[in-house]
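Lettering of chains follows the sequences in order, A, B, ..., and the numbering in each one begins at 1.
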Number of protein chains: 2
Amino acid sequence: MGSKASRSLPAVRAAKPATILDVAAAAGVSRQTVTRAMNGMPGIKSSTRERVLELARELNYTPSRFARGLVQGSHVSVGLAIPDLGNPYYPAFASSVVEQATARGWHVVVDDFGHGGRSALDAVERLAPQVDAVIGYLGADADRALVLMSGRPLVALDFADEGFAGASIAFDYARAASAAVGYLRRQGRQRIVYIDWPGAGASTGTLDPLGRGLSVRGSAFAALLSDASPGTSTQSASPHSVVRAAGESAAAAKEAVEALLERSPDTDAVIAFNDLMAAGALKALAQAGRNVPVDCAVLGMDGIPLGELLTPELSTLGLDLREVGRTAVELLDGLLSGAIQPGTPEVRRVIRHELLLRGSA
Amino acid sequence: MGSKASRSLPAVRAAKPATILDVAAAAGVSRQTVTRAMNGMPGIKSSTRERVLELARELNYTPSRFARGLVQGSHVSVGLAIPDLGNPYYPAFASSVVEQATARGWHVVVDDFGHGGRSALDAVERLAPQVDAVIGYLGADADRALVLMSGRPLVALDFADEGFAGASIAFDYARAASAAVGYLRRQGRQRIVYIDWPGAGASTGTLDPLGRGLSVRGSAFAALLSDASPGTSTQSASPHSVVRAAGESAAAAKEAVEALLERSPDTDAVIAFNDLMAAGALKALAQAGRNVPVDCAVLGMDGIPLGELLTPELSTLGLDLREVGRTAVELLDGLLSGAIQPGTPEVRRVIRHELLLRGSA
DNA sequence: ATGAAAGCGCTAACAA
DNA sequence: TTGTTAGCGCTTTCAT
């Protein structure tokens with residue numbers, strides 16, 4: 001190192017990163033020779049290779065993947081925008097997307113926008129210039145995100161807006177809610193409560209019986225649960241049939257259920273926004289000494305593997321996440337190849353939940 | 001659509017994707033005008049913009065992100081190679097890496113190589129041409145992976161090989177094992193069994209008392225557990241103190257523990273390879289009617305949030321995954337900027353587990 | 001074993 | 001409002 005200090009290394013690190021020409025100049029060779037050294041190609045004296053590699057290291061040179069990609073031909077690169085890798089639902093979905101994309105030789109760039117107060121729009125904004133297409137849980141930002149993609153394909157998940165010009169995969173919450181509530185009613189459950197997390201879809205403007213914002217799935221349940229007692233007047237029959245948790249976490253759901261049990265000890269069935277929150281409900285019930293499912297049934301939503309590890313095992317409205325991932329990537333594949341045209345009915349898919357009965361209901 | 005059928009669209013879709021020149025030619029404008037249309041730039045008649053956009057859609061044109069990146073300046077792009085997004089440990093880690101990378105304006109390309117019989121080396125092979133650096137759980141492939149990176153930074157996790165030329169983050173299993181076994185012995189546990197999964201680190205060649213391959217962490221525990229009964233002869237004192245599960249899953253661990261309880265009903269403490277497998281152990285013990293932790297203690301390894309949702313809550317050797325992610329990205333940052341030199345002691349970090357006592361031990 | 005030239009597809013700067 | 005010119009940094013020929 002010291003012996004070569006006389007070479008013209010810039011005293012202050014240049015703002016611009018070193019290029020192949022900088023290395024070539026420093027080594028006194030042509031850029032092809034640098035290419036040969038960097039890529040371990042034949043036709044270069046090993047002493048030259050060593051010298052070039054050493055210089056490259058000193059100059060902190062990294063070949064530009066853009067220049068290289070430009071000349072060598074690129075892979076498809078897909079952006080995946082998800083709200084929170086810490087919620088087991090999303091990695092389960094991501095896993096399926098990555099698997100399907102990998103099978104096609106694509107790359108997946110993941111942006112978890114759950115940290116630092118970022119929004120789905122931020123994520124797409126960052127992703128858009130660098131990827132060929134985006135798959136994401138974007139909520140109401142989907143419309144604006146589509147603009148950022150300037151014509152490239154976008155698949156919005158859990159999105160059912162009729163006016164949306166991109167591709168979408170929606171979930172049939174009305175049907176899922178009806179299956180769940182029907183099952184619990186047939187069991188003779190009298191006091192069914194849905195634990196909502198209005199953060200995701202509250203922008204839809206649907207309100208619960210008390211006039212508070214509700215998630216999309218929350219409104220599906222609210223509609224069913226409010227109709228429960230036909231004997232009463234115009235006032236909603238079950239004003240407390242929907243409870244709002246403070247966050248999309250087991251801890252928040254646990255607190256909500258604790259408060260609920262305090263207020264309405266006769267609750268005999270709890271349906272949660274998702275499996276993670278159902279796990280919190282399970283904890284609250286266990287702590288309150290309730291026997292699940294005898295005293296109170298618990299139903300989750302998602303069907304993630306976590307449910308099978310809980311005690312009792314979680315009954316849930318399961319989504320086939322591999323199917324969701326496969327559908328998203330297939331949609332993209334069709335859009336990218338031109339086999340599917342945007343604006344046709346083909347780009348709006350609906351996937352159904354299935355009632356998975358395990359131990360908790 | 002039909003009215004413009006006479007334009008010279010290729011009858012058969014060309015093998016090569018359309019370029020900006022194809023669109024420009026089709027629209028009878030210059031490429032600059034196409035750029036303006038595609039990127040929503042000003043200085044273009046909106047009728048022209050419409051026409052160009054329409055043509056672009058027909059030709060299925062997508063701007064090359066490489067050409068664009070080349071001219072606009074690139075973000076740093078980091079590859080993240082992980083074995084299985086379905087194991088909650090990895091998304092927890094990935095989440096932290098993505099958060100740290102995002103804060104620096106970097107992109108993260110995730111490759112989950114757990115599907116389709118792919119190896120860590122496959123993952124790096126795919127990633128290498130497209131990223132500036134790689135972080136990964138590569139096991140024994142780390143050495144070969146480094147070659148594929150041709151000089152670009154690589155951070156290998158859970159890797160402690162002395163001869164490794166890249167950066168690495170190792171975990172101090174000897175210390176962790178000693179903390180765990182010491183704690184259980186002080187509790188008076190007599191018959192402590194470690195449930196190994198030799199898939200990951202079996203290549204190190206360490207053998208258990210029965211001569212079978214062991215994971216790195218498995219050997220740390222085997223060493224301690226074999227020394228347990230100093231009264232016996234040269235033959236290993238506790239030949240069954242290490243059990244091997246058939247997979248890195250709760251289900252595999254559950255089966256292993258079921259067999260163990262059959263064979264050694266006096267087992268009063270189980271330590272698992274990781275939290276997921278500990279969850280399986282918990283299920284097996286509950287099913288066998290054992291009271292955890294009274295009859296039998298269970299200790300996991302990882303410290304993922306899942307543990308707190310189990311019944312009883314899982315005691316574990318926790319790793320601060322946010323610290324691990326932060327360290328990996330900091331290492332990369334230093335390497336990329338030249339602030340840290342490869343080959344110095346600075347690139348080999350060690351992170352310690354901490355004994356987290358919750359309900360199960 | 002090495003070098004020179006050409007061009008990948010795009011956008012910024014400048015003309016018209 | 002539109003077109004022209006000049007690269008971005010690299011790898012591929014093809015020469016030497």
Regarding the side chain of A:I44, the nearest nucleotide among D:dG9, C:dT2, D:dG7 is C:dT2
Whether B:R126 side chain and A:W106 backbone form a donor-acceptor pair below 3.5 Å:
yes
Write down the protein N/O and nucleotide N/O pairs, taken from nucleotides 13-16 of chain C, whose separation is under 3.5 Å; answer none if there are no such pairs.
none

note: B:D22, atom CG; C:dC8, atom C1'; distance rounded to Å ~ 13 Å
| request: For the residue pair B:S95 and A:H115, confirm or rule out a side-chain donor-acceptor distance under 3.5 Å. | output: yes
Whole-Å distance, B:L70 CG to D:dT11 P, equals 12 Å
Separation of D:dG9 atom C1' from A:F66 atom CZ, nearest Å, is 12 Å
By ring-ring contact (aromatic ring centres under 6.0 Å, His included), A:F113 pairs with (sequence neighbours left out) none
Open item on the list: Quick one, B:R49 and B:L53 - any side-chain contact, counting heavy atoms below 4.5 Å?
Closed with: yes
Separation of C:dG9 atom P from B:M38 atom CE, nearest Å, is 15 Å
Whole-Å distance, B:I20 CD1 to C:dG7 P, equals 19 Å
The nucleotide from D:dT12, C:dG9, D:dT2 with an atom nearest the side chain of B:S64 is C:dG9
Taken to the nearest whole Å, CZ/B:R68 to P/D:dG9 is 18 Å
Main-chain N/O of B:T62 paired with A:D132 side-chain donor or acceptor, under 3.5 Å
no
The complete set of salt bridge (Lys or Arg N to Asp or Glu O under 4.0 Å) pairs with one or both residues in residues 330-339 of chain A, sequence neighbours excluded, reads A:R104-A:D333
Under 4.0 angstrom between A:T19 side-chain N/O and D:dC8 OP1 or OP2: no
OP1, OP2 of C:dG3 versus side-chain N and O of A:T33: anything below 4.0 Å? yes
Rounded to whole Å, the CG-P distance (B:L59 to C:dG9) equals 14 Å
B:V71 has its side chain closest, among D:dG7, D:dG9, C:dA1, to D:dG7
Taken to the nearest whole Å, CE/B:M41 to P/C:dT11 is 8 Å
| message | Tell me whether A:N87 contacts the main-chain N or O of A:D84 through its side chain, where contact means a donor paired with an acceptor under 3.5 Å. | response | no
Quick note, A:S30 side chain, CB onward, closest among C:dG3, D:dG9, D:dG3 is C:dG3
